[in-house]
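Here's the structure, in structure tokens; my notes come after.
Owing to the predicted nature of the structure, the values given are computational and were not obtained by experimental measurement. Each chain gets a letter, A, B and so on, in the order the sequences are listed, and its residues count up from 1.
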Number of protein chains: 2
Amino acid sequence: MSDKTNKNLKEAGLKATLPRIKILEILQRTSGTEDHFTAEEIYKELVLNNYDVGLATVYRVLTQFENARIVVKHQFESNKSVYELNDPLNHDHMVCVDTGETTEFYDEEIKNKQREIAAKHGYELLDQSIVLYVKKVKK
Amino acid sequence: MSDKTNKNLKEAGLKATLPRIKILEILQRTSGTEDHFTAEEIYKELVLNNYDVGLATVYRVLTQFENARIVVKHQFESNKSVYELNDPLNHDHMVCVDTGETTEFYDEEIKNKQREIAAKHGYELLDQSIVLYVKKVKK
DNA sequence: ATGCTTGCAAACGGTTTGCACGTGT
DNA sequence: ACACGTGCAAACCGTTTGCAAGCAT
């Protein structure tokens with residue numbers, strides 16, 4: 001674990017410091033659980049684990065991770081950002097308007113259609129974001 | 001113009017006050033030009049036209065318009081919101097990463113696929129947002 | 001040793017709010 | 001007349017930054 005973590009950081013040109021390692025571990029630990037953390041949540045998690053970082057450091061590290069393509073930043077609610085480990089597949093999200101719960105999905109057909117649409121307007125598709133606002137169907 | 005405007009406001013349960021009328025006019029005047037305004041831009045436009053509103057009022061009015069489904073709010077850049085008149089068709093946007101220019105598009109096939117995907121996860125699709133980040137293809 | 005990193009506190013920028021005054025119906 | 005709307009300035013809150021001290025290499 002630490003070996004791989006250190007390598008990830010090295011490759012990104014970032015020194016393997018404690019805050020960075022701890023933050024990366026939190027992100028990895030919850031990877032696949034469809035969890036998306038705010039900087040504040042990561043900060044509190046660190047404090048809970050008896051590791052006192054500054055909130056500013058969490059922001060700085062997350063920004064560095066974003067630039068290094070280690071994490072991806074989303075904005076499901078308009079006033080705060082959430083982060084998750086980068087998924088090379090680049091999945092999308094649906095957010096339950098009642099509970100805030102997020103579900104991930106991936107659809108190749110939509111991606112193709114998007115590239116097509118961009119091309120039709122003389123553009124090349126660099127990146128993309130879909131957010132579905134949904135609610136549970138009651139049976 | 002004013003007649004229709006007043007009716008729109010009435011229907012939303014909003015008194016036809018000067019700030020509201022002026023803001024609605026600005027939004028209508030640029031409708032279809034693929035322009036999306038920040039609260040600040042609308043505020044400055046009003047001041048330019050020699051009508052002094054408070055920026056706070058612009059925000060309040062835009063929020064009321066959003067609740068009344070008269071306008072839609074988007075977040076193309078993470079730190080500021082932009083507003084445009086509500087389009088019943090609910091079009092989507094591509095944003096040029098170089099110029100910030102936005103282009104609107106609509107694709108029924110993608111919408112259908114989205115409803116399908118939501119349903120597959122036991123959800124009903126209430127709303128949706130697609131943003132394509134693109135750059136001009138150089139010929 | 002040296003330059004990247006960190007923590008703290010202060011600054012920032014977009015947005016919201018409290019309050020006393022103004023305006024539409 | 002009365003409730004609703006407005007302007008102003010201050011508060012808010014997530015995020016960023018300057019700076020002096022700390023750590024990885």
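Between B/L55 atom CG and D/dA10 atom P the separation is 15 Å, expressed in whole Å. What separates CG of A/L18 from C1' of D/dC23 is a distance of 10 Å, to the nearest Å. Residue B/Q75 contributes atom CD, which lies 13 Å from atom C1' of D/dG14 at whole-angstrom precision. In this structure, the CG atom of A/N79 is 12 Å from the C1' atom of C/dT16, given to the nearest Å. Straight-line distance from the CZ atom of A/R20 to the C1' atom of C/dT6: 10 Å, rounded to whole Å. One atom, CD of B/E66, and another, C1' of C/dT15, lie 13 Å apart when rounded to the nearest Å. Here D/dG5 presents its P atom at 13 Å from NZ of B/K10, a figure rounded to the nearest Å. Between A/L14 atom CG and C/dG3 atom P there is a gap of 18 Å when expressed in whole angstrom units.
Close to D/dG14, at under 4.0 Å from its OP1 or OP2, lies no side-chain N or O of A/S81. Contact between the side-chain N/O atoms of A/R60 and the OP1/OP2 oxygens of D/dT15 is not found at any separation under 4.0 Å. Between B/T57 and the phosphate of D/dG7, there is a side-chain N or O to OP1/OP2 separation shorter than 4.0 Å. A close approach under 4.0 Å does not occur between any side-chain nitrogen or oxygen of A/Y59 and OP1 or OP2 of D/dT16.
Using a distance-only test at 3.5 Å, with no hydrogens or angles considered, no donor-acceptor pair links the side chain of A/N49 to the main chain of A/Y51.
Ion pairing of B/R29 with B/E45 is present here, as a side-chain N (NZ or NE/NH1/NH2) and a carboxylate O approach within less than 4.0 Å. By the 4.0 Å N-to-carboxylate-O rule, B/K111 lies close enough to B/D92 to be salt-bridged with it.
Comparing C/dG7, D/dA24, D/dG5 against the side chain of A/T17 picks out D/dA24 as the nearest. Closest approach to the A/A56 side chain among D/dT17, D/dG5, D/dA9 is made by D/dT17 (side chain taken as heavy atoms from C-beta onward). When distances run from any side-chain atom of B/K15 to the nucleotides C/dT16, D/dG5, C/dT6, the shortest one goes to D/dG5.
Using a 4.0 Å heavy-atom distance criterion, A/K73 is classed as making no nucleic acid contact.
With sequence neighbours left out, B/E84 forms a side chain to side chain donor-acceptor pair (under 3.5 Å) with B/H36, B/H74, B/H91, B/H93.
Nucleotides of DNA chain C nearest to B/Y83 and A/Y51 differ in position, and the one nearer the 5' end is that of A/Y51. Residue A/Q64 is the one, among B/E40 and A/Q64, whose nearest nucleotide of DNA chain C lies closer to the 5' end (criterion: closest heavy atom).
Looking at heavy atoms from C-beta onward, A/R60 lies out of side-chain contact with A/T63 at the 4.5 angstrom threshold.
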